[in-house]
Every structure is written in C-alpha cells, then in structure tokens.
Amino acid sequence: MEHDPSLGCLVMAAGSGRRFGGNKLAADLDGKTLIRRALEAVPAAQFTAVTVVSQYEDIEALAGQFGFSAIHNDRPDLGLSHTIRLGTEAMCTCDGILYMVADQPKLCQETVARLVEVFRQHPDKIVGAGHDGRRGNPNLFPARFFSELMAITGDHGGSSVIRAHEEAFLLVETDPAELFDCDTPEALESLR
C-alpha cells in the first residue's frame, strides 16, 4: 500500500449485558461510565472515521459529543455479529477497521495508537492486542477481511476470522489489565 491507509474505528456498544444484569456500559468506575472510558481510549486523530454502534440512545448522544458517528442497532438480539456488520458496512471504504469492545475500562489510548502504528507498518496483517501470547481486544483488520467479518452470524466476533488466518495475525503485547473486560458486576468490583 503506497498511501497512508485510511482507518476506521468501530466501538461496539450494543450488547444487552445479560450477565451484568443490564446495560453495563452505564456502570461507573472511579467516576466515569464504562462507555465514556471506551470513547476516551480512542485516539481520534489516528482514524478517518469513528463509529459507535449501540442500542442505547444515551450512548449514541455521547458518541456525538465526542464527534463520532453513531449507528442505532435496533436488533441487538442478533448478537455481536450484527454490530460488526453495521459498523463494517458504514466504514467499508476504509483500508482497515479497528474493532473495539466497550467493556475494557483499563484500555489506554496509547495502546490503541500502538496498534494503529503497527498496522501502518504491516497493512496486510490483522493486528491485535494481547499478553503473553494470548490474544485479546481490540483487533485491527485490513479491508481484505471485511467480507468474512460481515459473514459472521450470532453472538460471535472476529475470532473465527483470526483463527482461519493465523498466519496473518500480529500480536502487540500490552498490560493484561488493559485486556480485562467487565462482563459481571463482580468483574467490575474487582477493578475498584
């Protein structure tokens, strides 16, 4: 790729939080909601487009305050794959998209920027955060994988695409605390 790749960032914030007992992204950690922490972790200047997909109007409004686009997911029952499809379709002209879950409250903007930096050096690779050889989130996919990502169904993310293309995956080491996701109130409590 001769030019600087145009990159999208998809913040996936449409889950119903069944294991949490409600919208976990509205939960507070040290004076900030999980969704605010997620949006603050986006180094916006690194991306051509940032899109937040959610079923919650207050999250869509907050995305607007950050200057990000918002897409309403009116079928969250279709699972994570529907959020991926909506966001990928919206940014399909980008050379790559970073797929970011919104429930990793310790994720740092510097780590996300590092993923982008590595991707710019290897624009044909899937670049993902991990620790000690174990893959986590977020992951940045080049456009050649968009059709596979949009073919995913149910409550599944990009892991199946990564597993099918292990040779194309580059892991960027990060602090394990950044990879920790809050799926239950107990998980959130453990961070306090």
Side-chain angles (χ1 to χ4, degrees), residues 5-17 20 22-29 32-76 78-116 119 126-129 135-143 145-146 149-150 152 155-159 161 172 174 178-183 188:
S6 68
L7 300 179
C9 176
L10 171 57
V11 181
M12 301 179 287
S16 298
F20 198 87
N23 178 12
K24 63 183 170 185
L25 300 181
D28 187 276
L29 178 64
K32 285 184 188 175
T33 60
L34 296 192
I35 187 58
R36 179 171 288 280
R37 287 174 171 277
L39 299 182
E40 287 177 353
V42 176
Q46 303 282 335
F47 296 102
T48 308
V50 179
T51 302
V52 179
V53 175
S54 185
Q55 64 171 304
Y56 302 105
E57 288 179 13
D58 54 337
I59 290 178
E60 292 165 27
L62 184 64
Q65 289 173 30
F66 276 80
F68 302 159
S69 301
I71 295 176
H72 186 72
N73 181 346
D74 60 358
R75 292 294 313 273
L78 294 178
L80 181 60
S81 63
H82 189 58
T83 293
I84 289 171
R85 172 181 286 278
L86 291 171
T88 305
E89 284 173 348
M91 295 185 287
C92 65
T93 58
C94 290
D95 297 312
I97 297 175
L98 178 102
Y99 294 82
M100 187 173 149
V101 295
D103 62 353
Q104 290 177 217
K106 299 289 186 181
L107 184 66
C108 297
Q109 198 175 95
E110 295 75 22
T111 298
V112 179
R114 209 164 71 240
L115 293 173
V116 170
F119 182 82
I126 303 167
V127 177
R135 190 167 43 76
N137 286 305
N139 291 283
L140 208 169
F141 289 81
F145 294 113
F146 291 175
L149 287 162
M150 288 197 290
I152 296 167
D155 202 25
H156 300 285
S159 288
V161 177
V172 176
T174 190
E178 291 191 69
L179 304 173
F180 185 80
D181 61 2
C182 291
D183 286 329
L188 181 61

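Throughout, numbering of the chain's residues begins at 1 and tracks the sequence. Bear in mind that the values here come from a model prediction, so they are computed numbers and not experimental data.
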> Compare every heavy atom of Ala102 with every heavy atom of Leu25, then report the nearest pair and how far apart it is.
CD2-O, 3.2 Å
> Is any side-chain heavy atom of Asn23 less than 4.5 Å from a side-chain heavy atom of Ile59?
yes
> Only one of Val52, Val101, Val53 passes side-chain contact (heavy atoms from CB on, under 4.5 Å) with Leu10; say which it is.
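Result for side-chain contact (heavy atoms from CB on, under 4.5 Å) with Leu10: Val53.
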> Assess the pair Tyr99 and Phe141: is the distance between their ring centroids shorter than 6.0 Å?
yes
> Do the non-hydrogen side-chain atoms of Phe68 and Cys9 ever get within less than 4.5 Å of each other?
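No; the side chains remain at least 4.5 Å from each other.
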> Rounded to the nearest 0.5 Å, what separates atom OG in Ser81 from atom CD1 in Ile152?
7.5 Å
> With no hydrogens and no angle check, is any side-chain donor or acceptor of Ser54 less than 3.5 Å from a backbone partner on Ala13?
yes
> Is a donor from one side chain sitting under 3.5 angstrom from an acceptor on the other, for Gln55 and His72?
no
> Are Asn73 and His82 packed together at the side-chain level, in the sense that at least one heavy-atom pair is separated by less than 4.5 angstrom?
yes
> To the nearest 0.5 Å, how far apart are CG in Asp28 and CG in Leu34?
8.0 Å
> Distance check, rounded to the nearest 0.5 Å: Thr33 atom OG1 versus Leu39 atom CG?
8.0 Å
> Measuring from atom OG1 of Thr83 to atom CG of Leu78, what distance do you get when rounded to the nearest 0.5 angstrom?
9.0 Å
> Quick one: closest heavy-atom pair of Val42 and Gln109, and the distance?
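Here Val42 and Gln109 meet closest at O-NE2, 3.3 Å.
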> What distance separates Ile71 CD1 from Thr51 OG1, expressed to the nearest 0.5 Å?
5.0 Å
> Of the non-hydrogen atoms in Met91 and Phe146, which two are nearest, and what is the gap between them?
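Taking Met91 first and Phe146 second, the nearest heavy atoms are O-CE1, 4.2 Å.
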> Check step by step if side-chain contact (heavy atoms from CB on, under 4.5 Å) holds for Glu40 and Lys32.
CA-CA 10 Å; Glu40 287 177 353; Lys32 285 184 188 175; 2.8 Å; yes
> Which heavy atom of Tyr56 sits nearest to which heavy atom of Gly15, and what is that distance?
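Of all heavy-atom pairs spanning Tyr56 and Gly15, the closest is OH-O, 3.2 Å.
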> Between Glu89 and Arg85, does any NZ, NE, NH1 or NH2 come within less than 4.0 Å of an OD or OE carboxylate oxygen?
yes
> Using side-chain contact (heavy atoms from CB on, under 4.5 Å) as the criterion, point out the one residue from Val172, Ile97, Leu98 that pairs with Leu140.
Leu98
> Quick one: does any side-chain atom of Asp103 pair with a main-chain N or O of Asp181 as donor and acceptor, under 3.5 Å?
no
> Ignoring hydrogens, what is the shortest heavy-atom contact between Gly157 and Ile84? Give both atom names and the distance.
CA-CD1, 3.6 Å
> Between Leu7 and Gln46, is any pair of side-chain heavy atoms under 4.5 Å apart?
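Answer no - side chains too far apart.
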> Check whether any side-chain heavy atom of Val112 lies under 4.5 Å from a side-chain heavy atom of Phe47, and answer yes or no.
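Yes, side chains in contact.
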> Quick one: are Ile126 and Pro142 in side-chain contact, heavy atoms under 4.5 Å?
yes
> Look up atom CD in Glu178 and atom SG in Cys108, then write down how far apart they are to the nearest 0.5 Å.
4.0 Å
> Is any side-chain heavy atom of Ile35 less than 4.5 Å from a side-chain heavy atom of Leu62?
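In contact.
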> Is it the case that the side chain of Asp155 and the backbone of Leu80 share a donor-acceptor pair, with hydrogens and angles ignored and the cut-off at 3.5 Å?
yes
> May I ask you to test the Asn139-Val127 pair for a side-chain heavy-atom distance under 4.5 Å?
no
> Can you name the nearest heavy-atom pair linking Pro138 to Met100, along with the distance?
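Nearest pair, atom of Pro138 first, then Met100: CB-CA, 4.0 Å.
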